[in-house]
Amino acid sequence: MPIDISETGPYNFSSTELKWQDFWLKNDSFGTDYSSSKQKYYVLEMFMYPSGKVHIGHVRNYTIGDIIARYKRAKGFTVLHPAGWDAFGLPAENAALKSGMHPDDLTRKNIAVMKRQMLSLGFSYDWKREFATCDKEYYAFQQKIFLAFYKKGLAFKKKSEVNWDPVDRCVLANEQVIDGCGWRSGAPVEKRMLSQWFLKTTEFADELLEELDNLPGWPEKVKTMQRNWIGKSEGCSLIFKTEDGEEITVFSTRPETVFGATFLAISPDHPLTGRLAETDGRIKAFVENFKKGSVAQEFLDKQEKIGVDTGLRVRHPFTDEKLPVYVANFVLMNYGTGAIFATPAHDERDYAFALKYGLPVKRVVDSPQSIAELPYSGDGVMVNSGFLDGLSAVEAKEAVILKLCEIGVGRRKVFFRLTDWGVSRQRYWGCPIPIVRCDRCGIVPLEESDLPVSLPADVTFSGSGNPLDNHPTWKYTKCPRCGGDAIRETDTLDTFFDSSWYFLRFCVNDPNNGNLLEKRDIARWMTVDQYIGGVEHAILHLLYARFFSKALCECGFIDVREPFENLFTQGMVCNATYRRENGDWLFPEEVRKKPDGEYEVAATGEKVIVGHFEKMSKSKKNVVDPDEIVKNYGADALRVFIVSDTPPDRDFPWSDEGLEGCWRFINRVWRLFVYMKSCGICAEECSRMPKADDLASDIQKLYKDFQRTIKNVTDSVEERAMNKVMAHIRDGVNSVYALLEEAEANKEVFSVIVRDLIKLLAPIAPHICEEAWSMLGFEKSVSESSWPEYEKKYLEVSVINLPVQVNGKLRGTIVVDIDEDEKSVSEKALQLPSVQAALAGRTPKKTIFIKGRIINFAP
RNA sequence: GCCCGCGUGGCGGAACGGUAGACGCUACAGACUUAAAAUCUGUUGUCCUUUCGGGCGUGUGGGUUCGAGUCCCUCCGCGGGCACCA
């Protein structure tokens, strides 16, 4: 008869959670122990932008990190688990423009609100290391870094065409332009010529690419994205000459096809095109028409390949043929040399162009099947190619490069897609660039003694121009070199600059000594052992941070070239979406399910269109507020839910029923703990645990099964499969529930099992576990206890249910000893009626027997 | 177009090449209750069968194997990244 423990009052999560959050803060439970001799472990979640409120996506990110941090502490590591704020940025300034509130006040206010939310979720942070990137000490040091980069040539100013976001009225880096639009504003980006500060990311292009191979702890997906972004192409440059000595340098990754070149094509932006346009009206008209074109992807996809003959003719270096030179719209100035030799037979674009303008197509690579299909871009054997004939394409590539070098018209060349990182932003709310412009001395870096360059507090946001530039006095200063009048740089740094080294700042034990890159501290804590964040930063932040580590090494600040040992990218939190027929979004509480399974608007009975699960967003009205959930169900229930069911790297489908289920689970374990206490389960009993072998059979089985649970939970945490962690913990709870009536008579065993159960659940639901831990009389707090060890010998069972197959089909199971031999197992198995039926009187020709695993008869 | 990843019940998802569907959600039933809620206990891939049991089942078609959700090839579908990149 099952024992009824439903009378236990409900678990009072709100007072319990507050009590333990308070306890952790007061006891500095998660402070970083600098002097410990234990092995270090640095867990870091991507820090937060103080937008105003914590959203569920944050909860997921930080819960995953917190589980790892708490687990590693229990495993005996000394853990660094900090939190901070990525506090500079446009939204605060835009809000200031609207509301009149100063960005600093707004940011501090948002941080206060969000910190309270974070505390209410019970994350185990070392809050003593908290800081915001808008703190003066932080950005002052950042200016020092900028100066060091400047001295090393890693930061430089140049006039160039930049991406201008007309809505944010600000320059964007290439990485911040998605499909021709600004990453934040979504507005189509314009091209402008501006003098801008850049960081020389290309300096480390090769290292950024190659080091990816030494990051086994990163998702393959992210590494692939970075490889594509860096975009290394190896080939050679090649000079073509006209009769009158004009030289055109082209770049090719397939120089072996040079014998198939039938014309040259240069970009409309090529300098030569510009010169020709001065005298040739047709070229001028073509270029002007080209510049009107959009850069939007849909436009480019549909864009026909068109061009104009320049009339120039160049000499083929090997055949002496005269090749025409075209200006063509499909040749990009910002890649390679802005000029190509075209091989229509082996390139789709060249082929389309050649067909349109009646240019010859000359095949030089024979496909292995000799199929005539053109253009052919695969591997094969060289033909019609003079000294390359008969070579494979790969051999020919080497041979032709050697030859071109030898005759002095070609050079081996590598091009990267990666460009230098533009970091100037024409905005107030960012780190000022510590540079002045002096009429006499030009661009002059400030001396370290002049730092910090502080943001002026008294600014007005007019909505036009840069507030720093508009400030009446701020920018006027003296030149540190000559002492004459000078003007400060009024651009501020891209906020991705701020987030590129914050993880190093967290390492510093005493930020008051002014050195935020204290080498000894960084050596102690770096690299980040586990970094966790959204995949949307796969390129932007993660590439910049990697660049920074290398650049800081070059400047002698640190010695760690790769910052993140293991990276975990969690999926998005999604929720159902509902719309009216006219397309307006509806809140979930506005709709009602009808008996026929369709949905209607609760108030009016209008038809509702049920959309897909989409990423939670205010505009789609499918967000849920973490505050509300913590208030109604508690942080533990939310934490349990957000890691249950779905693997953390996949998108998480929100469901209110699922959350309810986790709330029931929290209460279920609470009733278990209360009932156990009433049975006399307590800390003391643990020491009286008898040898497991001496236990009654069902209790012994429970104990042994629980050893398996400990192993399963441990393995699942290690593989970051938090959904499996929860499943295995539930298994453990269920098996204890199944033997509730035995608890009182077996206090010792149940005490040990319950103790370990609390430890297993504590990283996910820390509050309820602390409460149970203290209720059952355990010492200290569960946060300070060690991770349970399982007894390996009990994982092995001696008697098993062995599957019996005939021809690979399951026909039954038999109970055998784990190491019972084939003869004995075979005899038992053959007696199964189902096996005899399947064999139908035949004698098995072959028996496959794997001890302790399976037996399979093949007739 | 190129490069990744993924297709398993009504749903989220488990499964060292060896008993497919753990764990949970939903739904249904039973116990408790005057009743409801809560709780506890069952059932819940599908088809045939009163039962026992059996057939079919991991996107499609093939292959390797005693044995395939898992390995190999083909195709289809979904998601993501890159993209006139020479």
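In what follows, every chain begins at residue 1, and chains take the letters A, B, ... in the order their sequences are listed.
- Taking a cutoff of 4.0 Å between a charged side-chain nitrogen and a carboxylate oxygen, A:R227 and A:E220 qualify as a salt bridge.
- In a base pair of the Watson-Crick type (N1 to N3 plus N6-O4 or O6-N4) or a G-U wobble (N1-O2 and O6-N3), with each distance short of 3.5 Å, B:G5 is matched with B:C78.
- Atom CH2 of A:W663 sits about 5.0 Å away from atom CZ of A:F13, to the nearest 0.5 Å.
- Atom CG of A:L672 and atom P of B:U39 are 15 Å apart (whole Å).
- Residue-level contact check: A:D350 touches neither bases nor backbone, having no heavy atom under 4.0 Å from any strand.
- As rounded to whole Å, 15 Å separates atom P of B:U39 from atom CG of A:L740.
- Between B:A22 and B:U44, the distance separating the two P atoms is 10 Å to the nearest Å.
- With a cut-off of 3.5 Å on both Watson-Crick or G-U wobble distances, the partner of B:U60 is given as none.
- When the side-chain nitrogen and oxygen atoms of A:R668 are compared with OP1 and OP2 of B:C40, one or more of them lie within a distance under 4.0 Å.
- Donor-acceptor pairing under 3.5 Å, judged by distance alone, is absent between the side chain of A:N228 and the base of B:C82.
- Among the nucleotides B:C40, B:G67, B:A86, the one closest to any side-chain atom of A:N856 is B:G67.
- The shortest distance between the side-chain N/O atoms of A:R664 and the OP1/OP2 oxygens of B:U26 is below 4.0 Å.
- Out of B:G24, B:G81, B:A86, the shortest distance to the side chain of A:N734 is found at B:G24.
- The separation of B:G81 from B:G21, taken at their C1' atoms, amounts to 33 Å, rounded to a whole angstrom.
- Distances shorter than 4.0 Å separate none of the side-chain N or O atoms of A:K851 from OP1 or OP2 on B:G18.
- The partner of B:G17 cannot be assigned: no Watson-Crick or G-U wobble pair with both contacts below 3.5 Å exists in any strand.
- When each of A:R349 and A:T224 is assigned the nucleotide of RNA chain B with its nearest heavy atom, A:T224 is the one assigned upstream, toward the 5' end.
- Salt bridge status for A:K615 with A:D651: absent, with no side-chain N to carboxylate O gap under 4.0 Å.
- To the nearest 0.5 Å, atoms NZ (A:K305) and CZ (A:F330) are separated by 7.0 Å.
- For the pair A:N723 CG and B:G24 P, the computed distance is 13 Å after rounding to whole Å.
- If you check every strand for non-hydrogen atoms under 4.0 Å, A:G231 touches nothing.
- Computed from coordinates, the A:K232 NZ to B:A86 P distance equals 14 Å when rounded to whole Å.
- Between A:T337 and B:A86 there is no side-chain polar atom (N or O) within less than 4.0 angstrom of OP1 or OP2.
- Comparing B:A86 with B:A20, their P atoms sit 50 Å apart, to the nearest whole Å.
- Residue whose closest nucleotide on RNA chain B sits further toward the 5' end, between A:D645 and A:K221: A:K221.
- Taking atom CD of residue A:E657 and atom C1' of nucleotide B:C25, one finds them 8 Å apart after rounding to whole Å.
- Between the CH2 atom of A:W654 and the P atom of B:C25 there is a distance of 15 Å, given to the nearest Å.
- By the 4.0 Å N-to-carboxylate-O rule, A:D645 lies too far from A:R650 to be salt-bridged with it.
- Of all nucleotides listed (B:C85, B:A20, B:G13), B:G13 comes nearest to the side chain of A:P647.
- Note on A:L802: nothing from the nucleic acid sits closer than 4.0 angstrom, heavy atoms only.
- Figure legend. B:A31 is base-paired to B:U39; pairs are counted as Watson-Crick or G-U wobble with both atom distances under 3.5 Å.
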Before giving the answer on ring-ring contact (aromatic ring centres under 6.0 Å, His included), spell out for A:Y326 and A:F353 the whole-Å C-alpha distance, their side-chain angles and the decisive distance to 0.1 Å.
CA-CA 10 Å; A:Y326 278 75; A:F353 194 88; 5.4 Å; yes
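- Note: A:L332 CG to A:D269 CG = 9.0 Å, rounded to the nearest 0.5 Å.
- Considering only the side chain of A:Y737, B:C40 comes nearest among B:C40, B:A14, B:C85.
- Under the Watson-Crick and G-U wobble criteria, each requiring two contacts below 3.5 Å, nucleotide B:G24 is paired to B:C11.
- Taking atom CH2 of A:W229 as the reference point, atom P of B:C3 lies 20 Å away to the nearest angstrom.
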Test side chain to side chain contact (heavy atoms under 4.5 Å, CB included) on A:D821 and A:F849 and set out the steps.
CA-CA 9 Å; A:D821 65 10; A:F849 174 71; 5.5 Å; no
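- Closest contact between the side chain of A:F251 and the listed nucleotides B:G12, B:U19, B:A86 involves B:A86.
- Heavy atoms of A:T646 sit under 4.0 angstrom from primed sugar atoms or phosphate atoms, though from no base atom.
- Counting any heavy atom pair closer than 4.0 Å across all strands shown, A:R227 reaches no nucleic acid atom.
- The base of B:C84 is paired with the side chain of A:K305 by a donor and an acceptor separated by under 3.5 Å.
- Phosphate proximity of B:C66 to A:K846: present, with a side-chain N or O under 4.0 Å from OP1 or OP2.
- The base of B:G18 lies close enough to the side chain of A:Q805 for a donor and an acceptor atom to sit less than 3.5 Å apart.
- Distances from the side chain of A:R811 to the nucleotides B:G54, B:A86, B:C40 place B:G54 closest.
- With rounding to whole Å, A:L739 atom CG is found 15 Å from B:U41 atom C1'.
- Phosphate contact (OP1/OP2 of B:A38, side-chain N/O of A:R671, threshold under 4.0 Å): absent.
- Across all strands shown, B:U50 forms no Watson-Crick or G-U wobble pair with both distances under 3.5 Å.
- Of the candidate nucleotides B:A86, B:C82, B:G54, B:A86 has the atom nearest to the side chain of A:T253.
- B:G24 and B:G79 have their P atoms separated by 32 Å, with the value rounded to a whole Å.
- Counting only heavy atoms from C-beta on, A:V331 has its side chain closest to B:A86 among B:C56, B:A86, B:A20.
- Using atom P as the reference point in both B:C2 and B:C84, the two lie 16 Å apart (nearest Å).
- At a threshold of 4.0 angstrom between heavy atoms, the contacts of A:V250 with the nucleic acid are absent.
- A distance of about 35 Å separates the C1' atoms of B:G12 and B:G1, rounded to the whole Å.
- Using C1' as the reference atom, B:U58 and B:U51 are 30 Å apart when rounded to the nearest Å.
- Across the C1' atoms, B:C23 and B:C75 are found 35 Å apart, a figure rounded to whole Å.
- Base orientation of B:G9: syn, the glycosidic angle falling within 90° of 0.
- Considering CG of A:N575 and CD1 of A:I56, their distance stands at 9.5 Å, rounded to 0.5 Å.
- Note that CD1 of A:I248 and NE2 of A:H270 are 7.0 Å apart. Values are rounded to the nearest 0.5 Å.
- Closest to the A:R730 side chain, of the nucleotides B:C40, B:A20, B:G24, is B:G24.
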